[in-house]
Every structure is written in C-alpha cells, then in structure tokens.
There are 2 protein chains.
Amino acid sequence: MREEASESMQDYLKNIYLIIRERGGSVSTSELAKKMRVSPPTVTSMLVKLGERKFVKYEKYKGVKLAKKGEIIALEVLRHHRLIETYLVEHLDYDWSEVHEEADILEHHISEKMELRIANALGNPKFDPHGAPIPSADLSSIAKDETTRLGEHISGDIVVIERVREREKEELQYLARIGMVPGKQVEVESVAPFGMVTLTNENGTHSLPKEIAMSIHVKKI
Amino acid sequence: MREEASESMQDYLKNIYLIIRERGGSVSTSELAKKMRVSPPTVTSMLVKLGERKFVKYEKYKGVKLAKKGEIIALEVLRHHRLIETYLVEHLDYDWSEVHEEADILEHHISEKMELRIANALGNPKFDPHGAPIPSADLSSIAKDETTRLGEHISGDIVVIERVREREKEELQYLARIGMVPGKQVEVESVAPFGMVTLTNENGTHSLPKEIAMSIHVKKI
DNA sequence: TAACTTTATTAGGCCTGTCTAAATATATAT
DNA sequence: ATATATATTTAGACAGGCCTAATAAAGTTA
Ligand SMILES: [Mn+2]
Ligand SMILES: [Mn+2]
Ligand SMILES: [Mn+2]
Ligand SMILES: [Mn+2]
C-alpha cells in the first residue's frame, strides 16, 4: 500500500491526517505549507496529484481531506514512526526528546518485515514514548483520545501526564528536565491571565506558557 | 560527508568501491550499469556528475576509479550497510540470508548517532554476518582479505569458511541450509573439469557450481 | 458594496535521475 | 588493414518535487 505513494506523498498524507485528527475539519494549503516547510504552490500541485490518485478529496480553494486510501497510508507511516521512536528509546538508548528526526526519515524506509520484528521486540506497544497512540498492525484502529489538555485545567486540579505532543527538541528536553513527562503527576497551582500556568510536580514548581501547557495531555485524578 | 552525495550517488560510489576492491583496476560503464540495474547512458551521465564533484576520476571511454572523497563516502555507506545487517541478525531475529535488501535501503537513512548506537549495541564488530569486513568508525581502515576462494582449492584440502559473498537470497538460503556458512569446516572431495566442486561438511556431501564456490572465502587449516 | 488584505492557484522554470534512439569510439576477427 | 561487432557517449525526453512571480479568488473592513 505505502509503496504506491512516494516518500514525499507519504509525508503530506501523514501531516494531513495529524492536523485533522487534532482539530477536525479540513486542511488549508497554507497550513500544510507551513507544516511541511514548503511553498504554497508546491502544496497546491501536490494536492492536485494526490486528488487524481484518490488519496485525498481536494477541492480548489476549499481545503483537503483524506480519502480512505490516503488514510491507510497515513496510518501506516504513523505506525512506523511511533514504533521506531519507541524502539530507539527502549533498545538503542535514545532519549525521549531526540527520537523524532530519526523516525521522521526511517518511517518511509523500513520494510513490513522490520515493522513486525520491531513491534514484536517491543511487545506490540499501544503508545509511543511521548504517549501518542500507535495504530494497530492492521491499521484498523488507533486509541481514542480521552485526555484533556493541561492548559485547560484550573487551579487545584491534580492530573497525570498522559502525553506530550511533538515540539522542538529543546522544548522537549526542557520538559523532560523538569519532570513533565508521561506518567508523572502534576498539580495546577495557578493560571495567570496573560497565559502562564504554574505547576507543581515532584521536582518542584514551574511555570509554563499556556501554549506549551496545551500540548501536554493529562487525565484528572 | 555522506550528506554531500544523494542516495543514488552513494550507491554508485559504493558499487564502484566494491567492484574495484574485489578485482582492482577500474570499472566500466556497462559493468556498473549491470550492477546498478540501470541503462548505460544513465551511468555515463552519473559518472560525469560524480567526476565534476570530485568523487571519482572518470575519463571518457576509460572507466572510472574512486577519488579520495568518493572512497570515504563508499566506506561510510558500506559501514552502515554491514552494521545494519549485523544488527538485524543479532537483535531483530533476521536470518543471515535475508538482511541484504533491508540494509541496502537503510544504509542511506540512518543518522551518525544511530550508527554509533548500533555499533555499541553490537560491541563494535569487525565483520558482518556474511563474514565481510566492516570499515572502522573513522573509515580509515577495513580488514585486509587474507582468504582464498573455496573454488580455488583442490581435492583433499580442509578449510574453514570465513565469508560468503552477497548473492541472490535463494542461493544464500540454500547455502545456509547445507551448512555452508561462516565458521564451518569443509573438506574438498573433488573438482570436476566441467566446473563442479564436491564438498563434505558436517551436514554431508554437496556439489556446488564453481561460480558459487568462488564466492565462498575460506582459510586452509 | 467597494476597497483592501489575505489566501490560493496558475504559469513557467530548475534540478535530479532515469529512459530510448542515434551516433561514435574502441575492440575483434578475417 | 578492413570490416564487423561491441561498448560508450550524445541527444533529446519525461516524471517528480521543488521554487518565484504573476494572477485570481475569497474574506474582511469601512
Ligand atoms: Mn517523514
Ligand atoms: Mn508497515
Ligand atoms: Mn543502497
Ligand atoms: Mn556513518
């Protein structure tokens, strides 16, 4: 399946999937251009091509959504990505915060056999080291998101971190350093009106910009 | 270094290196075209490009050799290839005979960090599962070949297999099945004039075409 | 709704790696 | 040494993925 789409197409499909999964609706040319670090005309011409090949539903000036074929490819690439990240952390001594780049390349190049061997070596995990759900081997399912965002919580809430979304490596390293990683418990101390959240965890008290707090998924306890 | 050459260039350089290491001299257009499964004009234009970028020394109608820059890239890619093959066998339950394709792709896509982590996980091996030498981390050295070819030996010689060169997967699987793998001892029973060698190992007696016997490197004991 | 701003598409071009067909250089055989 | 065969290069084309500049559509504001 994935071999039907070039590496570049696979990345477009994956990114369309990720944007829509996070916030629904459809994806605009400029949004995709920004995420893929490519010019808008490049996106337009790729969307035309992906549309012709029935990977996406694209209507001029109206944004793009995935067609079934495209969603399957997106899930396949995402499964590879998240399995690779997990493998690098569990078996090759990578840090949580530094696996992304490597996985972003290798996701397109491992065989189905290697995917299987990696998944087996890991015991078929359902989540990657950031807490992101790994699509099932048959690509039929991916864990539903039942979390809230740390940035939505109010003073006094006590939560457990379930997931930290992809961000710049330095940001992730900082969060790791202050103990804001999946599995840790955090209490919301205060929420300032100008977008700063103060939190306490086992490491002490820390303040984070709301944007960062919104990229941390949690469950209230 | 390797990032200066495209994936395709890396493969040309690697294959030029492999041909010259095996038999010296220079490499012809048609030879390379055959090895790379590409048309001769494609090779010509690539050689011109590699020459302009000082990766090779190429003279029209006279074949190609590697320049220093090109040799370093070839060694780097080869190190990746052989480390990956070793890793797949040692840690991901691949069979000796089925690692080649995977490594042929991944060799271009792993980072220097991953190379290092893989090498460490393996204890910095000097040889891959086929017995081929792995270039050193600084690419300054690669084990000298001190073996003879099984196909050169005469009746009565007793040898140990040191290396089995890359061939079709099915051929390697057959050799594995009859116990012709690195580390095993073999006695040459007879050498027929029409190019058939008969051998005895712990599995019994087997005949191999001379061409195959020539791709098995051994040391006489 | 008219003017202006923002977003998206069209037009045209470039580079890489590949191909086939035609031309030419080199090697081989009579 | 000439003719023939083989190997190689040149010429010209194409698809993929990207770009900038120009144009046009959609959205926003007055
Ligand atoms: Mn990618
Ligand atoms: Mn897969
Ligand atoms: Mn390769
Ligand atoms: Mn390397």
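Letters A, B, ... mirror the listed sequences (proteins, then strands); counts begin at 1.
The backbone N or O of A:Arg82 sits less than 3.5 Å from a side-chain atom of A:Thr86, completing a donor-acceptor pair.
Between B:Thr42 and C:dT18 there is no side-chain N or O to OP1 or OP2 distance below 4.0 Å. Using a 4.0 Å cut-off, no side-chain N or O of B:Lys49 falls inside it from OP1 or OP2 of C:dT16. Of the side-chain N and O atoms in B:Arg53, one or more sit less than 4.0 angstrom from OP1 or OP2 of C:dT16. Not one side-chain nitrogen or oxygen of B:Tyr12 sits closer than 4.0 Å to the OP1 or OP2 atom of C:dT16. Neither OP1 nor OP2 of D:dC18 sits under 4.0 Å from any side-chain N or O of A:Ser39.
Here B:Val48 lies out of heavy-atom contact (under 4.0 Å) with every strand.
If you check D:dG17, D:dG16, C:dT10 against the side chain of A:Met9, the one that comes closest is D:dG17. For B:Ser45, the listed nucleotide lying nearest its side chain is C:dT18; candidates were C:dT9, C:dT18, D:dG16. Checking D:dT9, C:dA8, D:dC18 against every side-chain atom of B:Tyr58, the shortest atom distance belongs to D:dT9. Distances from the side chain of A:Met46 to the nucleotides D:dG17, C:dT10, D:dC19 place D:dG17 closest. Of the candidates D:dC19, D:dT9, C:dT10, the closest approach to any side-chain atom of B:Pro40 belongs to D:dT9. Listed nucleotides D:dA21, D:dG17, C:dG17 differ in distance to A:Ser8; the shortest reach to its side chain belongs to D:dG17. Of the candidates C:dT20, C:dA8, C:dG17, C:dA8 carries the atom nearest the A:Ser28 side chain, counting heavy atoms from C-beta on. Checked against C:dT9, C:dT26, C:dT20, the side chain of A:Thr29 finds its nearest nucleotide in C:dT9. Proximity note for B:Ser30 (side chain, C-beta onward) versus D:dT8, C:dA8, D:dC19: the nearest is D:dT8.
Straight-line distance from the OH atom of B:Tyr61 to the P atom of D:dT8: 10 Å, rounded to whole Å. B:Met36 places its CE atom 10 Å from the P atom of C:dC19, with the value rounded to the nearest Å. As a whole-Å value, the separation of A:Asp11 CG from D:dG17 C1' is 13 Å. Atom pair A:Glu59:CD and D:dA26:P shows a separation of 12 Å (rounding to whole Å applied). Rounded to whole Å, atom C1' of C:dG17 lies 16 Å from atom CG of B:Asn15. One atom, CG of B:Leu13, and another, P of C:dG17, lie 11 Å apart when rounded to the nearest Å. The CD atom of A:Glu52 sits 13 Å away from the P atom of D:dG17 (whole-angstrom rounding). With rounding to whole Å, A:His108 atom NE2 is found 12 Å from D:dG17 atom P.
Ion pairing between a basic and an acidic side chain is recognised when a charged N comes within 4.0 Å of a carboxylate O; A:Arg79 and A:Glu107 show no such pairing.
Both tests do not hold together for B:Arg163 against B:Phe127: distance to the six-membered ring centre under 6.0 Å, angle to the ring axis within 45°.
Within the 4.5 Å cutoff, side-chain heavy atoms of A:Val27 are placed close to those of A:Arg23.
Across all non-hydrogen atoms, the minimal contact from B:Leu106 to A:Met114 is CD1-SD, 3.6 Å.
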Worksheet item: Could you walk me through whether A:His80 and A:His109 pass the ring pair (Phe, Tyr, Trp, His ring centres under 6.0 Å) check?
Response: CA-CA 9 Å; A:His80 291 190; A:His109 301 293; over 10 Å; no
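Taking for each of B:Lys60 and A:Ser6 the nucleotide of DNA chain D with the nearest heavy atom, the 5'-most of the two is the partner of B:Lys60.
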